[in-house]
Number of protein chains: 2
Amino acid sequence: MINSDPILIIDDEVQIRRLLEITLSANGYKISEATTGKEGLTLAATGHPALIILDLGLPDADGLEIIKKLREWYQKPIIILSVRNSEDDIIKALDNGANDYLTKPFRTGELLARIRVAIRQSQVAPDEPILEFGSISIDLTNHTARRKNELIKLTSTEFALLALLAKNEGRVLTHQYILKEVWGMGYTEQTQYLRVFVAQLRKKIEDNPARPKLLNTESGIGYRFGY
Amino acid sequence: MINSDPILIIDDEVQIRRLLEITLSANGYKISEATTGKEGLTLAATGHPALIILDLGLPDADGLEIIKKLREWYQKPIIILSVRNSEDDIIKALDNGANDYLTKPFRTGELLARIRVAIRQSQVAPDEPILEFGSISIDLTNHTARRKNELIKLTSTEFALLALLAKNEGRVLTHQYILKEVWGMGYTEQTQYLRVFVAQLRKKIEDNPARPKLLNTESGIGYRFGY
DNA sequence: TCCGCCTTTTTACTGTCTTTTAAATATATT
DNA sequence: AATATATTTAAAAGACAGTAAAAAGGCGGA
């Protein structure tokens, strides 16, 4: 997920909390909840949330005061949800450190988009998932593979083959399956293509291509990556 | 003065422009104005505005496309003003790079508060606007590129292409993706444009254009900058 | 508005890299 | 040992990329 830190919801209305719970967790966010200002401040301090959604109309505290208290140390985004729609309330909340202000009832899709905006601004680009196998690393999103940090020059077919095998580390993939995935369903009989490309790949990724350690042959069946 | 760079207003309605002129300058902001998308893009590039206020319903261009075009190089806040109030419009604008979205008619005090929020944030998180690659440096805010401190003369398309690749250093970008980002979604088949512009760029940025070190070809896939 | 300049698009050609095919050699399985 | 399966190499075919230059389009200045 984008961020493993939770979104902290501070709201006394149980319906709103339920709605946010469902919407946010359905979109892959972790959540933590508080029903009072006091509890909210404690949870903000202990749970280091990635973002705080704050209801201005809490029974036990003034919303503005909570924003100010949070902003003494909390740098990440604060989004206000409030029934109050007066310009004065909005301006005061924003000027005291809130990042955004939505009035209830709000549209969940819009809230999600505004959360994305806030998080986008507060965080640096997340690292890409990279598959590692000894001295070989394969970056699927960047379409690059490295060997001891040196870029390996691979053709698109070679990369597709390597990626398929690497994604299925330890599994035996049959010739037919590999051919179907890499070349397409019309090529399941062209085992020879596979042999040629396996040889090319081994030259590029193996220390000793004649004694492969990564790209292993399962005679009569297919190939297996790793293990 | 909060910031000596102006706020750029892109709106075709003269009443809105007058209103914003008065409100913003009364609050100490400098302003510059454009009445069309085209003019807006030019002024954004030449005037390095501290913030852009953009009307989505311009007569000469699709608002979303303008946001995308701006976001190819413009890092500072973009606030949308629009008569459209549908959730879909709001989400699309925000997800394509807008920082905030207000529907017309808007309250000037709220707009000012949201401008303060946006500027506050853009000062906290100043993205490094100058990318460096060996003897090449690319200044995204000023739309300029240098080679050994000599200014390189680039057309706007050339710059957009270079900026896109440079921002994605080390990643392989597909032909389709590059074409979509630089030319627009109707051009994903025009790989020849790309070849011509890549050749032009290489002449300008590479020591030896025939043996590129920065702008690398990934045959059958696309191009990769650096690494 | 027209002219000239600059940028983008189009065209035609050449060169390079990738995939396919083929054939000879090696290894595994029974 | 015989047979099937796999590896390796290299050349042929095909796909893809680079280049140059002309045509078209857009823009600003006279």
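Protein chains get the first letters and strands the later ones, always in sequence-line order, with residue 1 at the start of each.
One interatomic measurement links the two molecules: OH of B:Y223 to P of C:dC17, which rounds to 13 Å at whole-angstrom precision. When the P atom of C:dT18 is taken as reference, atom CD1 of B:I221 falls 10 Å away, rounded to whole Å. One interatomic measurement links the two molecules: OH of B:Y193 to C1' of C:dT8, which rounds to 8 Å at whole-angstrom precision. Residue A:Q190 contributes atom CD, which lies 8 Å from atom P of C:dT20 at whole-angstrom precision. Rounding to whole angstrom units, CZ of residue A:F197 and P of C:dT19 are separated by 4 Å. In this structure, A:L194 places its CG atom 19 Å from P of C:dT18, rounding to the nearest Å. Distance A:R195 CZ to C:dT19 P: 19 Å, rounded to the nearest Å. Following rounding to the nearest Å, A:K153 (NZ) and C:dT16 (C1') show an atom-to-atom distance of 10 Å.
Contact annotation for B:T191: no contact, since no heavy-atom pair falls under 4.0 Å across all strands. Looking at heavy-atom distances under 4.0 Å, A:V196 makes contact with a base. Note on A:S156: only backbone sugar-phosphate atoms sit closer than 4.0 angstrom, heavy atoms only; bases stay farther off. As judged by a 4.0 angstrom heavy-atom cut-off over every strand, A:Q192 is placed among the base-contacting residues.
Side-chain atoms of B:R84 do not come within 3.5 Å of backbone N or O of B:D89 as any donor-acceptor pair.
Close to C:dA28, at under 4.0 Å from its OP1 or OP2, lies no side-chain N or O of A:S219. Residue B:W183 places no side-chain N or O under 4.0 Å from the OP1 or OP2 atom of C:dT8.
If you take CD1 on B:I136 and CG on B:L162, they are separated by 8.0 Å, rounding to the nearest 0.5 Å.
Think of the region where chain B sits on DNA chain D: with heavy atoms and a 4.0 Å cut, that region ends 5' and 3' at D:dC16 to D:dC27.
A donor-acceptor contact closer than 3.5 angstrom links the side chains of A:R202 and A:T217. Of the N and O atoms on the side chains of B:E39 and B:T35, at least one donor lies less than 3.5 Å from an acceptor on the other residue.
Annotation: A:H175 is in aromatic contact with A:Y223 [ring centroid separation under 6.0 Å].
When each of A:E218 and B:H175 is assigned the nucleotide of DNA chain D with its nearest heavy atom, A:E218 is the one assigned upstream, toward the 5' end.
With C:dT19, C:dT20, C:dT8 as the candidates, the nucleotide lying closest to the side chain of B:Q200 is C:dT8.
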